[in-house]
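These notes concern the structure reproduced below.
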Amino acid sequence: MEAATMAWTAAVVGVGLVYWFVWVMGAAEVKGKRAVDLKMGSITRDKVQDKYTQYWSFFRRPKETATTAAAAEKVPDFVDTFYNLVTDIYEWGWGQSFHFSPSLPGRSHREATRVHEERVVDLLGAKPGHRLLDVGCGVGGPMRAIAGYSGSNVVGITINDYQVNRARAHNRKAGLDSRCEVVCGNFLSMPFPDASFDGAYSIEATCHAPRLQDVYGEVFRVLKPGGLYVSYEWVTTSLYRAEDPDHVDCIQGIERGDALPGLRRQDEIASIAKEVGFEVVKEQDLALPPALPWWTRLKMGRIAYWRNSLLVRVLTMLRIAPKGVCEVHEMLFETAQHLTKGGETGIFTPMHMVLLRKPPAAAATEEAK
Ligand SMILES: C=C(CC[C@@H](C)[C@H]1CC[C@H]2C3=CC[C@H]4[C@H](C)[C@@H](O)CC[C@]4(C)[C@H]3CC[C@]12C)C(C)C
Ligand SMILES: C[S@@+](CC[C@H](N)C(=O)[O-])C[C@H]1O[C@@H](n2cnc3c(N)ncnc32)[C@H](O)[C@@H]1O
């Protein structure tokens, strides 16, 4: 073969390989967000690195940081920054539902995710015509599954305006925009009238609240009397030992890589719910056997992580992805190790489920005020 022909063949194969690596292999779970489309939310390209540094210095020691009232007040802003930094990476590498679910034998991750979301509908007894609130809705993966399965109308709230736009675009594409609405706001002080929802749910979102009382209190206020609220909470379990440095390291790793102002204990959740006026109907750690591990999806993706790290580095070098994306990706990679360890040791669960009811009598009490 002539040298020129060889060079051409090598070039064509090279371009083909790059195309395959970036476009075909790039989207790990849901084709739709490609590696080449990675933005950092509403942050302009030149600010990504700075925003990441600010996030990191705030959340490096989450528990110490969030103990003062002044620092706790800053949490929602830093959570917003966090979701600007991670939303596209989550969508690209995980999908449109930003949560875990127990593995299901012989079923895909996508199916396991849907089953975990549809459980919310069954617990709430949601029906066509009901108006549900999604507290911390992300880009709306659960919202669309829940609206589709139940026939209800869903209003989602998220602190992050980039997620609002993503969620609205996905809702339109799914033909669900007439039944799924997305609002940008803080779930610690929601822009909804009292008693305006038939039911509410939160999936792995309230862990971002410095005080759970504040978000549960708001959900209580906006629910109609007799309305149900189901929440999947991130908590430490009774196996966690505060005197074990390995346990502390693991939990701090989860907190700092997930914008958490301090994980709560499993046994605190029900009493906080009662404190704001809820009745506790049911409480269950959905991660416990016979449920299969939720963390295998994180572990089994090890090869994919290496591919993703390399992709992110190449895209940053080519200036397609903004500077700072590699650091964010590295932070998520480390977080995944801590989450896996938390799951394997059983000291942490991301799916402590509580089903709460606003007492029907609360109507009379409120009217009397
Ligand atoms: C509920 C929350 C988020 C839970 C999960 C959806 C995310 C927690 C950690 C995330 C990830 C870790 C590793 C990333 C990987 C390095 C990258 O290549 C592709 C995306 C990841 C798999 C990413 C995906 C989402 C998570 C699993 C918190 C924030 C309360
Ligand atoms: C891990 S994501 C889960 C999203 C969604 N529930 C899902 O499962 O796909 C957490 C969500 O909570 C939202 N959130 C965190 N703190 C918030 C706050 N103070 N007010 C409103 N939304 C908040 C984030 O913006 C994000 O959408």
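Along the sequence shown, residues are numbered consecutively beginning with 1. Both ligands and their constituent atoms are indexed starting at 1 by order of listing.
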For residues 152-163, please give each side-chain donor-acceptor pair under 3.5 Å, one per line with the distance, not counting sequence neighbours.
from   : atom 1 : to     : atom 2 : distance (Å)
Ser152 : OG     : Lys127 : O      : 3.0
Ser152 : OG     : Ser150 : OG     : 2.8
Thr158 : OG1    : Asn160 : N      : 3.1
Thr158 : OG1    : Gln163 : OE1    : 2.8
Asn160 : OD1    : Tyr162 : N      : 3.4
Asn160 : OD1    : Gln163 : N      : 2.9
Asn160 : ND2    : Asp80  : O      : 3.2
Asn160 : ND2    : Asp80  : OD1    : 2.8
Asn160 : ND2    : Asn84  : OD1    : 3.1
Asp161 : OD1    : Ser42  : OG     : 2.8
Tyr162 : OH     : Asp88  : OD1    : 2.8
Tyr162 : OH     : Asp88  : OD2    : 2.9
Gln163 : NE2    : Thr87  : OG1    : 3.1

* Report all protein residues having a heavy-atom distance below 4.0 Å to some atom of ligand 2; order the list by chain, then number. => Val79, Tyr83, Ser97, Phe98, His99, Gly136, Cys137, Gly138, Pro142, Thr158, Ile159, Gln163, Gly185, Asn186, Phe187, Ile203, Glu204, Ala205, His208

* To do: Enumerate the residue pairs fulfilling salt bridge (charged side-chain N to carboxylate O under 4.0 Å, His left out) with a member in residues 315-332, sequence neighbours excluded, ordered by first and then second residue.
  => none

* Would you check ligand 1 and list the protein residues that come within less than 4.0 Å of it by any heavy atom, ordered by chain and number? => Phe82, Tyr83, Ile89, Tyr90, Gly93, Trp94, Phe98, His99, Phe100, Glu204, Cys207, His208, Trp234, Asp258, Leu298, Tyr305, Asn308, His329, Leu332, Phe333, Ala336, Leu339

* Could you tell me whether Glu218 and Arg221 make a salt bridge, using a distance below 4.0 angstrom between a side-chain N and a carboxylate O? => yes

* Taking the six-membered ring for Trp, is the centroid-to-centroid distance between Trp295 and Phe100 below 6.0 Å? -> no

* To do: Using distance alone, with no hydrogens and no angle criterion, decide if His352 and Glu283 have a side-chain donor and acceptor under 3.5 Å apart.
  => yes

* **Ser238-Gln266 side chain donor-acceptor pair, cut-off 3.5 Å** => no

* Asked: Are any of the side-chain nitrogens in Glu91 or Arg166 under 4.0 Å away from the carboxylate oxygens of its partner?
  -> yes

* Establish, from distance only, whether the side-chain atoms of Thr345 and Tyr240 form a donor-acceptor pair under 3.5 Å. => no

* **Modelled atom types, side-chain donor and acceptor of Ser97 and Thr113, under 3.5 Å** => no

